**Q** 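Before anything else, here's the structure in question.
Computation of the quantities below employed the complete heavy-atom set of this structure, encompassing side-chain atoms and omitting hydrogens, waters and symmetry-equivalent molecules. We number each residue from 1, following the sequence as shown. These figures come from a predicted structure and were not determined experimentally.
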Amino acid sequence: MENNKKVKLNIRKGDLVKVIAGDSKGQQGKVLEVITKTNRVLVEGTNMVSKHTKPNAANPNGGIVKKEAPIHISNVSLIDPKSGKATRVSRKRNEDGKVIRIAKKSGEEIK
């Protein structure tokens, strides 16, 4: 059952987020990638998995490599730029009619 609905996500690449559920709970990191198809995000330094790799040009010996695995977007929360705590996000239009994201806790605009 394919769902073709476009979902609006409040988290973007480059945002500072905190993991609020799962094995990496409490860790903070920068969003490296947002995977909209599966509603997941790749957060720097969190949800590390061991990946067995074959030898290749980049890694001649192969072996076990630690890398980040995607986390569901519902398990991360944006960090408020003012207070540094986890916050929800609201959307408003500014004077130019452009949609901006605003932190619910402080009312601060998220850049």
**Q** Ignoring hydrogens, what is the shortest heavy-atom contact between Ile64 and Ser50? Give both atom names and the distance.
**A** CG2-CB, 3.6 Å
**Q** So which atom in Val34 and which in Ile11 form the shortest heavy-atom distance, rounded to 0.1 Å?
**A** CG2-O, 3.8 Å
**Q** Mind checking the CD1-OG1 spacing from Ile73 to Thr36? Nearest 0.5 Å is all I need.
**A** 9.0 Å
**Q** Is Val17 reachable from Leu9 through a run of hydrophobic residues whose side-chain heavy atoms are each under 4.5 Å from the next?
**A** yes
**Q** Determine which pairs satisfy salt bridge (Lys or Arg N to Asp or Glu O under 4.0 Å) with at least one residue from residues 96-105, sequence neighbours left out, and list them in order.
**A** Asp15-Arg101
**Q** When rounded to the nearest 0.5 angstrom, what is the spacing between NZ in Lys18 and CG in Leu78?
**A** 12.5 Å
**Q** Where do Pro60 and Pro55 come nearest, in terms of heavy atoms and distance?
**A** O-CB, 3.1 Å
**Q** Do the side chains of Val76 and Val43 get nearer than 4.5 Å, heavy atoms only?
**A** yes
**Q** Going by heavy atoms in the side chains, are Ile102 and Ile100 under 4.5 Å from each other?
**A** yes
**Q** Does anything in residues 54-76 form a salt bridge (Lys or Arg N to Asp or Glu O under 4.0 Å)? List the pairs, not counting sequence neighbours.
**A** none
**Q** To the closest 0.5 Å, what do you measure between CZ (Arg40) and CD (Glu33)?
**A** 12.5 Å
**Q** Hey, are the side chains of Ile79 and Gln28 touching, using non-hydrogen atoms and a 4.5 Å cut-off?
**A** yes
**Q** Do Lys25 and Ile20 pass the side-chain contact (heavy atoms from CB on, under 4.5 Å) test, and can you show the C-alpha distance, the side-chain angles, and the key distance before you say yes or no?
**A** CA-CA 5 Å; Lys25 184 177 178 174; Ile20 55 172; 5.8 Å; no
**Q** Check side chain to side chain contact (heavy atoms under 4.5 Å, CB included) between Ser24 and all other residues, then give those that pass, not counting sequence neighbours.
**A** Val19, Gln27, Thr46, Asn47
**Q** Nearest heavy-atom pair of Lys30 and Leu16: which atoms, and what distance?
**A** N-CD1, 4.3 Å
**Q** Please list, chain by chain and in numerical order, all residues satisfying side chain to side chain donor-acceptor pair (under 3.5 Å) with Asn10, sequence neighbours excluded.
**A** Arg91
**Q** Are the side chain of Thr87 and the backbone of Ala103 linked by a donor-acceptor contact shorter than 3.5 Å?
**A** no
**Q** Any side-chain heavy-atom pair from Ile35 and Val41 closer than 4.5 angstrom?
**A** no
**Q** Using the side chain to side chain donor-acceptor pair (under 3.5 Å) criterion, which residues pair with Thr38? Sequence neighbours excluded.
**A** none
**Q** With a sphere of 6.0 Å drawn around CG of Asn56, does it hold more than 12 non-hydrogen atoms of other residues, nucleotides or ligands?
**A** yes
**Q** Listed by chain and number, what are the side chain to side chain contact (heavy atoms under 4.5 Å, CB included) partners of Glu108, not counting sequence neighbours?
**A** Asp80, Pro81, Lys82, Ser106
